Each structure stands twice: as C-alpha cells, then as structure tokens.
Amino acid sequence: MIRFVLDGAEVEAKEGETIWQVSKRLGTTIPHLCHTDRPGFEPEGNCRACVVEIKGERVLVASCRRLPTPGMVVESRGERVEKSRRLVFELLLADHVSPDLDSAFLGWAKAVGVEQSRFAPRTASCAPDTSHPAMAVRLDACIHCALCLRACRDVQVNDVIGMSGRGAHSRISFDFADPMGASSCVGCGECVQACPTGALALAGGPVRAERMVDSLCPYCGVGCQLTYHVTGDAIIAATGRDGQANHERLCVKGRFGFDYSRHPQRLTVPLIRKDGVPKEPLDPADPFTHFRPASWEEALDRAAQGFKRLPKSALAGLGSAKGSNEEAYLFQKLVRTGFGTNNVDHCTRLCHASSVAALLEGIGSGAVTAPVAEVANADLIILIGANPSANHPVAASFIKNAVKRGAQLVILDPRGQALTRFASHHLKFKNGTDVALLNAMLHTIVAEEIYDRDFVAARTTGFAQLAEHLKSYSPEAMAPLCGIDAGTIRMVARAYARAGSAMILWGMGVSQHSHGTDNSRALIALALLCGQLGKKGSGLHPLRGQNNVQGASDAGLIPMMLPDYGRVGIEAARSRFEAGWSVDLDPNPGLTVVEMMDAAAAGTLRGMYIEGENPAMSDPDLAHAREALAGLDHLVVQDIFLTETAMLADVVLPASSFFEKTGSFTNTDRHIQMGRQVIDPPGEARPDLWIITEMAKRLGLDWTYTGPDEVFDEMCGLMGSLSGITWKRLDAEGGITTPGGKAILFGESFPTEDGKARLVPAKGLSAAENPDSDYPFVLSTGRVLEHWHTGSMTRRSGVLDRLQGLPAVNVSPADMERLGLTEGARVRLESRRGSVEAAVAADSRLSPGALFLPFCFTEAAANWLTNPVLDPVGKIPELKVSAVRLVPLRHPG
C-alpha cells in the first residue's frame, strides 16, 4: 500500500491504482470525459477534465493516469484545479451544439459550474445520421473524447470507428466516412455505451427507465451479464454488466434483440387443434384457422390424457437449452418418471453431442477444461470449425484482445471469417477432412518427438496404440485429402507443440459430422500429447451454442445420461436418483432426437412433448422430420410462438420467454449465473416451470414445487457437481463456477478410474456424402451474426430482422462468374432430400465449389437439404457437409 495525502486526508493506494481510482474508491469521483473505469479501456489523459494539482509540480496532471507515490500531496478541488476544469468544459461546450441531449457530459459541465460557454461554436449543427436501425449519430454533439474509437478499436477490436480530417475539421468517421448503417459496423453498441455526450445514442433517443433489472443475455453460450432498462411492461434498452464472461461487452443480439417477447405473434392463450384440421404449415399470425383457444385446465387435461392413452415406450420428450437449469432438470425428470422412459433429448444432439462423447471418453468430463478468458494467457490459440465473430461475438473480442497482446492465432476452417485477419495462419482445408488434417499434425508431433514426454507418461494411457495408428497419416499422405500442403501442416503442428501455453476452441464445424467424435478425439489427443491441459492459458473448449446447453446437459436432458452424466445403464448412477425420486428407472438408453423422428416415421413412437425446441426447422432432412411430427398420434408443444413445430401440434401451451421468469443458467465456461424475471408473461402465458409441474401432476406425479429455488435445492442434493452451492448463495454472488469454483480443471488428475486421460485414435477421413457430377457443390450450414438458432426469437426482433431480413446463399465469386450469376440473383439449391430457393450473395471467404446457407430462415430452410446420417457415437447428424447442385432461376422471384 502507498500512503499519500488526497484533499487534506492521508489515504492509501493499492499497487497500480491511479489517483482517480483511489478517489473514486473513497467515495469521490473526479470529473472525467475521455476516461472510464470500464474493463478494457486504458486511461489516455486527453480531455484534461480530471486534472489535479500535486504539491511541488508546476503543471496540473491527469489523475486518470498518474500513480501516487509515498508522501505525495494531491489537491483535486482547489481553486487552480477548478478554474482549469471550467475552462475545459467551456471550450468543449462550444463544440457541443446539441444541448437538448441528456448526457453525462452536460451533467459534469453543470457539476463544475458551467451552464453555457463564452466561446463561439466552431461546429455547425448537422442532421443526425439515422441510417442504422438501432443507433443514431449526432456529430454536432461530439467532443472528440475518442471513447467510441477506443471502444471499437481496443475493446471489441472491430476497427470501424476512426478519426478523419485535420485540426478543426477532424471528426469521428465510420470506415471511409460512410454512414453508420452502410459501414462494416456489427452493431455491438459498445460505442453507444461509452459515449458521454449523446453523439452516439440509441435510435429512439435517451433512455429514461422506470426500473432496471440485472439478468443475462438469452442467446449464445457466452452467458453475458447485462442490465435491462424497463418502462411499464416493456424492455427499452440493455446495457452490459461486468460479468465474468463479458466484462460489460455485448453483441448486437444481446444489445438490441430483446423486443421479441412482445411481438404480436406471441402465444398468449392455450390452443387445441380443431377436429379434422390437417397438420400443415400455417400463418403464425393467424393460428385460429387450425386451432381453437382453450382454458389451461382443458389444454393440460387434453395434453396429459393423450399421453396416458399411449404405451410408455411410445412416448418421448424434447427439452430446451433455452430454458433454465431447473426447467431442464424437471423436464427430464418428468419424462423418466411420468413417461417411464429415457426417450429425452435436447439441442446438444445437434450441437456438441460428439464433442461431449469424445471428452467423456478421453478425459472423463464432457465440459470445457478452461474458460474462454484463458486465451488472455495463451501463447497460441487454435480455432477450428467455429466462427465466433458471428456465433460468439463477445468471446471473439477476447480472442482479438489476446492477439493484440501477442498471442498467435491459427484458424483451421474451410471457410474464411472475420477473425482471419488476426490469424498468423488460416488453413482452409476441404470440408469434412478434419481427421486427415489433425492426424497429420499429430503424426508430426509424434514422429519428430516434440510431444510432452513427462505429461504423456504420467497422465495418459494409449500412447503406443496412437503412435502406431498415426504412422500412416504423414502430412505428405494427408495433404492431397485435406488440401493443405505438408509444410504448412508441419509448421502449425510444431508451433502448437512448442507453445508454452495453448488453447483449442472449436464449434459445430467439428462436431456436426458423421465422424464428429473422431474429430474431437483428434483435438483431445493434440492437447494431451503436448501437455496443454490443467494450466493457465491452456485447455480444450467446445464453444456451446445456446445459452444453457451446458446446464441442460448437466441436468440430464440426455437419453443415455442421468444428471451429472451418470449412465442410465450403471446401477450405482441410477440408484442415486431412484432413491431421491422414489421410483424405479429404466436402465436402457433412450432415443436421440433424430432417432425419435425415425421412430415416429416408423410408427413406434406415437406421442411427444416438446418444450422450447423447433425440430421442424433444426433437424436434418426436414421433409422426413416434418412428416414424422405430423404423423404422431399426440404432439404437445410448449413454446412462446407458433413455431414450425407448434404448427403440427395437437395441443399448444403458451410459455414464458427468457425475460419472464427467474432461474439459473450455466454458460460455456461452466459458470452458473442467475437470470432474473424482468417483465410479466403476456395474456395467459405461464412460466415453463409451472407448466411442467402441472403436466406432471396430471401424469400421476406428486409434485409440489412452488418455485425454481426448491428445484435447485433438490438438484444440489442429488448432483455432486453442485455440491456446496445454494440458491441463496447463487443469488447473492450472481455466478459460481462448477465444479468447486475451479475455472481451470485437471491440473493433477482426470476424473477417470485410474486418474489418467485416454489417447484414442481417430479414423474418419471423409464425409458420408461428397460432391459428384450430379451434385457438384458442398453445402455447409450455420448461423449469421444477427440471428440465432432457428430464428423463432431473432426473426421477431425488429432491429435484428431489419439488419438481416432475407435469406441468401453465399457463393464464391469464382463460381458466380462461372455460372453467370450477379449479386441478388435467385437460385434453387437441390440435394437428394429436397430443395430451397434463395438469393445469391458473393462471399470471397468461400473456396470454389463450397456454399454456405444459414438455417434460421423459414423461407429457405437449409435443413430441407441436409443429410441425416449420424455419427455412430454421438448420434449427431452431418449438418456441415451435404452434396447439392445450384440451379440459376431466370424467372422473376
């Protein structure tokens, strides 16, 4: 501690603390404009609003940058200081010709005694730039504090905002002085949250909320903490909080995608299908053509009676990774105890089922071994089969921060992405040849003996078998298969092996393959061979796609696993829950989601309860999936909109959106966080927990839960991973990492029988379906920045749908030229399973012969085309590789 005098009082400063920080910690915030104590912003001392006087020094100094020294005497409120500050604010106020704005700048000006400026304005009033759907730009309010520039450049590292012009003509600019809406802005809103003047603001003007609620983002697995600003019964804004996963950062979905909960198409009353009405798609704005409204009593009775009429073996349930841990736990408990079957699954089957299978097999745990934040401590980062800039934008910002600090980024992906410009190497291998590439890297590391001998000997088994297997996978042999030259493969392998610390992050480009488990086995072997586990800056991290896919998996929403990943066939795992639930459980693994569709089509599965999932959009081969759903004897769907799946239901139960309930959610880092209710459900919509409990009662279960806290307490009593956690503690702390608060796992041993990890050879070399003369293109599907999953939420967000409202198939410029296609031309994509029509968008990130189509647009649903073939271990479909042909359409539309 450093002792010094501040405004006549002796105080102490912590190591590295500035005078400004000390003053704020002690209760006095020194005026500031270009400085903020938000994470990621380094002090620059440009505005001179925070100057203080130090005894013995001739000039005033910026308190945001000056560190105190022992015995220093500082005056932050003296006559000299206050006169200087008033001059600063007068000069800036002369440039601020929009005094109608309610801003932090005007608040500080008033606080230092400046109501108006004696200086003539240098800038003329100008029309605001309203070209962006969510944000407005008023440069006549700009004081050039550069906080927006630093937010864009240093925090989010998007490099859109800069300064143009010189002297009095300098101004904030987007790209090459483009309108904001026409620039490369990704809509994260970091600049708006940083701006102190209102020069960058929400399009609707200043936010004046009646109340604020701390909660979470409802979208991807990053798990950003934020605050919702609420007026009446409407959310009007969202701002980032300093959560462990985001440190106040948000992306466009978290910042602006909250309005879907009040969309006119919200389900607000239970629905029962009218007698004799066929199960077919309909207009979600007019559900009463096929359904009639019903009371909750009638709808729940009808739903339960339909299940009770069918054999238990003919029933199944699909839960949701968008719901809370408590909902996931109760849903799988209902299926296992009320239906009497393990036929329960959720979207992890279409996300990271193969990754989880390989991780459980190799290291004894299906979760990440280290959080995304550890990229800050990594020397090298491998990113494979993932596009974080679109799917996990806040995580992408931390990767960019790490590269700027000196980390080396290597991208392995058939498609280019926004992070490519930060990478030292981008290996654009051929779609579906992950194992060939990764085994060639492993071959190099073993053959050149650059693996971590001590780690391999002490902490792994199976090295001899792996080494023997890898002999035939030399880079020279694999180069023709994967399309990457042998020298590059060796260079990247050596860089990883020799890195002091290295992270591997992957996405569904690894997992969604017929050999997805083998892909993950190879990545796990890479980390184990090089000892890149259990230490800072190292680890294996499959980026989870939905906000609670980790928690839903932990809670047992898996057909072959009970909560905490105990296999249903193992008596010891089963007996724990049999005793806790007072029931005998089925020892046989249940059906996965794609297997459910096959069983429904075959007539052996006859009833389904679907909560918050949309398999009529997310499953592969949609013609088969929708026909299977429509053919069920009894389908009950619990959701917030009349989704493509709900259109095929017999009973539709209106549920609560994320904002309308309280519950715990586990992010991709294994961090459990509290999501708090922000607004009430509309109409007669009810919380999911209430609906599941009421359904259970009608199925004969004696459930008396009154809230999520009671469910969470039961979970903590039965799940070892939650040991030591209570609802009260979670609510107070906001977030707790499992297990045991450890962010980095397996520093000493692995949770296997012998404490060692298994090196498992990977064998899959190509996709199940490859291009041929009839279907010469390879199609990959995925997400886009503005939309999420099947689009049921984001397509109903006004800002997000305005930013990206039309489906388009991405085609390489070379293929467009060869086929005579222009931007926006209509084409039809055809596979062996179906066809869709969409506009063409040129994408230079794609190699010739490769196409990309997002799966969120019902107008051109990509899964009409995709292949339902399954990985034999993870039972995940091959959504990333489908052979298609592209047919130009000459007719209008």
Side-chain angles (χ1 to χ4, degrees), residues 219-221 316-323 328 343-358 366 385-387 391-392 506-517 519-520 542-553 557-561 590-600 608 610-622 624-626 628-629 643-645 668 767-768 779-783 787-793 833 853-856 861-882:
Y219 293 112
C220 80
L318 283 182
S320 177
K322 295 186 283 290
N343 293 338
V344 63
D345 208 354
H346 75 296
C347 76
T348 194
R349 194 63 44 204
L350 307 173
C351 177
H352 271 297
S354 53
S355 304
V356 171
N387 184 3
N391 299 330
H392 305 87
W506 72 95
M508 288 176 278
V510 165
S511 58
Q512 288 180 336
H513 288 275
S514 57
H515 50 79
T517 303
N519 291 346
S520 297
L543 289 158
R544 311 314 294 260
Q546 295 205 24
N547 60 322
N548 200 38
V549 70
Q550 182 64 57
S553 300
L557 214 53
I558 304 175
M560 64 288 294
M561 304 280 188
L591 299 174
T592 64
V593 56
V594 180
E595 291 173 330
M596 289 177 191
M597 298 304 143
D598 291 340
M608 286 189 73
I610 299 178
E611 179 231 359
E613 288 283 86
N614 192 13
M617 276 290 286
S618 60
D619 270 31
D621 189 3
L622 284 185
H624 171 72
R626 293 187 183 187
L629 289 166
T643 64
E644 291 76 8
T645 301
T668 189
L779 172 71
S780 184
T781 73
R783 295 174 181 158
H787 291 299
W788 184 67
H789 205 50
T790 65
S792 60
M793 292 154 57
R833 292 154 294 277
L853 182 66
F855 67 94
C856 60
N863 284 320
W864 286 112
L865 309 170
T866 49
N867 193 348
V869 64
L870 300 180
D871 174 280
V873 180
K875 303 294 182 69
I876 191 170
E878 188 151 65
L879 297 171
K880 288 301 183 212
V881 181
S882 301

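Being a predicted model, the structure only gives us computed values, none of them experimental.
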Could you please spell out the steps behind the side chain to side chain contact (heavy atoms under 4.5 Å, CB included) verdict for D345 and L591? CA-CA 8 Å; D345 208 354; L591 299 174; over 6 Å; no
Counting C-beta onward and ignoring hydrogens, is there a side-chain heavy-atom pair between [X] and [Y] closer than 4.5 Å?
{"X": "H513", "Y": "D871", "result": "no"}
{"X": "S520", "Y": "V510", "result": "yes"}
{"X": "I558", "Y": "V356", "result": "no"}
{"X": "L629", "Y": "M608", "result": "yes"}
{"X": "R626", "Y": "D619", "result": "no"}
{"X": "H789", "Y": "F855", "result": "yes"}
{"X": "L779", "Y": "L865", "result": "yes"}

Answer yes or no: is there a donor N or O on one side and an acceptor on the other, between the side chain of [X] and the main chain of [Y], under 3.5 Å?
{"X": "E878", "Y": "S514", "result": "yes"}
{"X": "H352", "Y": "L543", "result": "yes"}
{"X": "N548", "Y": "G323", "result": "yes"}
{"X": "H392", "Y": "R544", "result": "yes"}
{"X": "H346", "Y": "L557", "result": "yes"}
{"X": "R783", "Y": "T790", "result": "no"}
{"X": "S354", "Y": "S511", "result": "yes"}
{"X": "E644", "Y": "N614", "result": "no"}
{"X": "R833", "Y": "T866", "result": "yes"}
{"X": "Q512", "Y": "L350", "result": "yes"}

Which atom of [X] lies closest to which atom of [Y], heavy atoms considered:
{"X": "T592", "Y": "P559", "result": "CG2-CG, 3.9 Å"}
{"X": "G545", "Y": "V549", "result": "N-CG1, 4.1 Å"}
{"X": "R349", "Y": "G874", "result": "NH1-O, 2.8 Å"}
{"X": "M596", "Y": "G317", "result": "CE-O, 3.7 Å"}
{"X": "S320", "Y": "G612", "result": "OG-O, 3.4 Å"}
{"X": "S355", "Y": "W506", "result": "OG-NE1, 2.9 Å"}

Let me confirm one number: the [atom1]-[atom2] distance from [X] to [Y], rounded to the nearest 0.5 Å.
{"X": "L318", "Y": "E611", "atom1": "CG", "atom2": "CD", "value": "10.0 Å"}
{"X": "W864", "Y": "H624", "atom1": "CH2", "atom2": "NE2", "value": "12.5 Å"}
{"X": "Q546", "Y": "T668", "atom1": "CD", "atom2": "OG1", "value": "12.5 Å"}

Please step through side chain to side chain donor-acceptor pair (under 3.5 Å) for the pair N867 and S882, ending with a clear verdict. CA-CA 6 Å; N867 193 348; S882 301; 5.9 Å; no
Could you walk me through whether M508 and I876 pass the side chain to side chain contact (heavy atoms under 4.5 Å, CB included) test, one step at a time? CA-CA 10 Å; M508 288 176 278; I876 191 170; over 6 Å; no
